[in-house]
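Contents: one structure, followed by commentary.
Please read these numbers as outputs of a predicted model, since none were measured by experiment. A note on names: the letters A, B, ... follow the listed sequences, proteins ahead of strands, and every chain is numbered from 1.
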Amino acid sequence: MIRIERRAATGWTDRLLAYVLAIAGGLAASALLMAVSGADVVEGFSALAEGAFGDTEAMRQSLIAAIPLAFTGLATVAAFRAGIWNIGQEGQAFAGAMAGYWMSLQLAGVPGAVAVPLVLLAAVAGGALLAMLAAWLRTRCAVNEIISTMMMNYVVVYLLSYLLAGGPWTEAGSTAYHQTPLIADSFHLPALGGVHLGAVLALAATAGLAVLIGRTPLGFELRGLGLNPTALRFKGVDVGRTVLAVMALSGGLAALAGASEVFGINFRLRAGVIDGLGYTGIIVGMIGALDPWGTLVTALLFGALANGALYMNVLSDIPSALVPAMQGILLLFVLGASVLVRYRLCFRPVGETA
Amino acid sequence: MTDEPVLSVRRLTKSFGPVRANNAVSFDVGAGELVCLFGENGAGKSTLSACLAGLYPPDGGDIRLGGAPVRFASAADAIRAGVALVHQHFVLVDDFTVLENIVMGHERGLFVRYQAARAKLEALCRRYDIAIRPEARVGDLTVGERQWVELLKALYHDARLLILDEPTATLDLRESRKLFRIIGELKAEGVGLILISHSLDEVMQSDRVVVLRQGAVVGERRTADTTPEELTRLMVGRDVARAERGIRHAGRPCLAVERLTVARPGAAPLLDEVSFTVAEGEIFGLAGVAGNGQKPLLEAIAGLLRPTSGRVLIDGEALDELSVHAIQQLGVGHIPDDRLVEGLVGEFSIAENIALGGHRDAFARGAFIDRAAMRAAARRAIVDYQIAAPSAATAVRTLSGGNAQRVVLARELAAARRVLLANQPTRGLDVGVIEYIHAQLLGKRAAGCAVILASSELKDLITLSDRIGVMFQGRLMGIVEAASASLEDIGLLMAGKSREAA
């Protein structure tokens, strides 16, 4: 007889092994998908790898693609570790980009050393405020944050559509493109070694979030909130205030994804330019086991996948739509592994009872 | 009607792991007879009724219905055989109507015949004078009305044997009388009835009383031949010895509770004008059947529950509007009754649980958690409180109940510089740990703390307390000196009889 038993504890080696196996399994399943769709698996994977890591330029592009995913991934970590299901990284990223752009309009002519920090600050505030609205609705009106954050994604995206499609931010004479005019050079994020400032910020945010969760009173409450809010309340923690702080943190991180894309790469706000970063960020945070450093590593992997996919699309006849499918497959395998690793199979002769 | 009893139980036994919930229980219920099961919390009454209603399979013994042996595989089996249980905790679907709740589980074939069911339900309501609309949504009903739906569910299936598990707990006096009128009608129709109640007033309206203690029948009396005093004595057991606790420090008043009231919309208040004081170096026991306001009282003092009116004072200072955290800072420790839900974060380490609540004060250094201080405090607690754990980093989830409770004790006794609130601190623990916790409570008393101890173990209360307050339906029925109190006195107060009336 085979029975399934819960393990008392899982060591980090068990978990690492489970994740490695899950990613290998996910890639194997992706290969199967490629083969079934009639493509050459070897050619596909080698094109993918070359596009992602083939030369320094490929690696630079992979790194740049990873930056916004790191931010939305960290936003997921902050909220989900606290048991708050913020699905609004998408809207919060847009809100950050929009608040940053608004600030840049106010600061015309101000030198970059002053302007860039202020733009980033405005972006963080924009994303944080949007997320705090959902937190307030949850603590005051018992509105489920999954619903509110998700719905706000649409509100923000359509607000941007209005602003860009003939609204006040629309570039003069190019209504059809649904974009703002180019942002002045002084607002561009400075580049370091060919990669914009966002990379440094993402690294700092990862370290900062790890320290905050592991070492500070707010992080202590954040983790406790996700595990047992009742015990926190009994020990005098103001749970409503903690939810507000956690959502502000999460929204602020997501906002940096939008701001870094607009002020580091595109230099203008355009409809659709950051679509999907928020939702992918949820997958990145989950595969990163809701750990800041794990999330950073996953973001790098996903950045490479996204960048390699562009190359694969050009070089082979494999549709780039396979990449989101691969991301989904990887998520399922990793989530499955994270549950399975908590159990073990017990083999027992028939007839003997526990 | 034949002489054969409706229900005959012989040597029924049911265990949960090592715990014998029912041990060789035997009793009969005749046609048209109301038999009361009487006993303390955990005496095995609810388990017994669950076995009779097919919810649990008994481990041994016989159940006969009208002389024929039965063995129920499920509650549906029991209902078909004519045994209906009216639950203490409602098992209703809030979003269904009264009618849907009643036919639920008994649909035959492809379509539910609502017309017929509705006609039958309306006839029942008319016959027993119960005012409930069949199409009312259960979620919109008051707690009292839901109790009637539970009863209708049982009546709908033409029960031969009806088991009522604390049916009046949620009814007001007028509705309780109505229930007993209906019980009278059912008796006249020849239905056998089992009533589980803690209220002696109700117990005395039955025909026969079966007293349970620790899973076994300890006495059976014809109600006409017994008194509330005798029943209480049977329920609690006779010999209670008081431990030597040293002389009482006649301290000054430390904690004062004045006319504390916590109202609820649409239901009886959780606390109703409760007033008492506790002196320094005194253990004030709180007795009462579970759910009569002990938990809300402790939570209101701790600041977790906002009073509707009345106030709490510590050393003469009113706690009005103070946060839970601010009250804890005044030197109030609180041992909640559900340690793994309210007391501890299971996935947190011992060190983190010790720091919980002090993580912004004693265990913070600058912007960070002082992990060294946290670990040091946890190591001290492990030694001082003899917590069996490999290290301070052990997750409390993996500890035994007794060791987990020691973690709560370590934290709360340190916090309790002035007042200690202890709600069922020994529940579910083995004898060794219980004695240890009792010693700790007496230690706090000797140190001059005002201690409130709520417990369902009357013996422990009498052993440990200086005075005992007895709660019934949110009210403090009376306060007795533990040294001179008799079990009968406390038992009568617990059952809602004030001393003058008893």
Rounded to the nearest 0.5 Å, what separation is found between the CZ atom of B/Phe368 and the CG atom of A/Leu218?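 Interatomic distance, B/Phe368 CZ to A/Leu218 CG, rounded to 0.5 Å: 12.0 Å.
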
Find the distance between CG (B/Leu340) and OG1 (A/Thr230) and round it off to the nearest 0.5 Å.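 That separation rounds to 12.0 Å.
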
Show the nearest heavy-atom pair for residues [X] and [Y], with the distance to one decimal.
X        : Y        : result
A/Phe234 : B/Val324 : O-CG1, 3.9 Å
A/Lys235 : B/Glu412 : NZ-OE2, 2.8 Å
B/Val345 : A/Ala231 : CG2-CB, 4.0 Å
A/Val237 : B/His359 : CG2-CE1, 3.6 Å

Give a yes or no on whether a salt bridge exists between A/Glu221 and B/Arg360, defined as a side-chain N under 4.0 angstrom from a carboxylate O.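 Salt bridge between A/Glu221 and B/Arg360, a charged N being under 4.0 Å from a carboxylate O: yes.
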
Under 4.5 Å from any heavy atom of chain A - which part of [X]:
X        : result
B/Arg365 : neither
B/Gln328 : side chain
B/Gln329 : neither
B/His334 : side chain
B/Ala367 : backbone
B/Leu356 : both

Within the supplied structure, the quantity of interest is the number of heavy atoms (other residues, nucleotides, ligands) at a distance under 6.0 Å from A/Trp136 CH2; does it exceed 12?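 Atom CH2 in A/Trp136 is not crowded, with 12 or fewer foreign heavy atoms closer than 6.0 Å.
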
Please determine whether the number of non-hydrogen atoms from other residues, nucleotides or ligands lying under 6.0 Å from atom OH of B/Tyr56 exceeds 12.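 Counting other residues, nucleotides and ligands, OH of B/Tyr56 stays at 12 neighbours or fewer.
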
Tell me which of these, A/Leu212, A/Val211, A/Thr216, A/Leu232, has more heavy-atom pairs under 4.5 Å with chain B than the rest.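 Option with the top pair count is A/Thr216.
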
Check: A/Asn228 side chain, B/Val341 main-chain N or O, donor-acceptor pair, under 3.5 Å: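 The answer is yes, because a donor-acceptor pair under 3.5 Å joins these two groups.
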
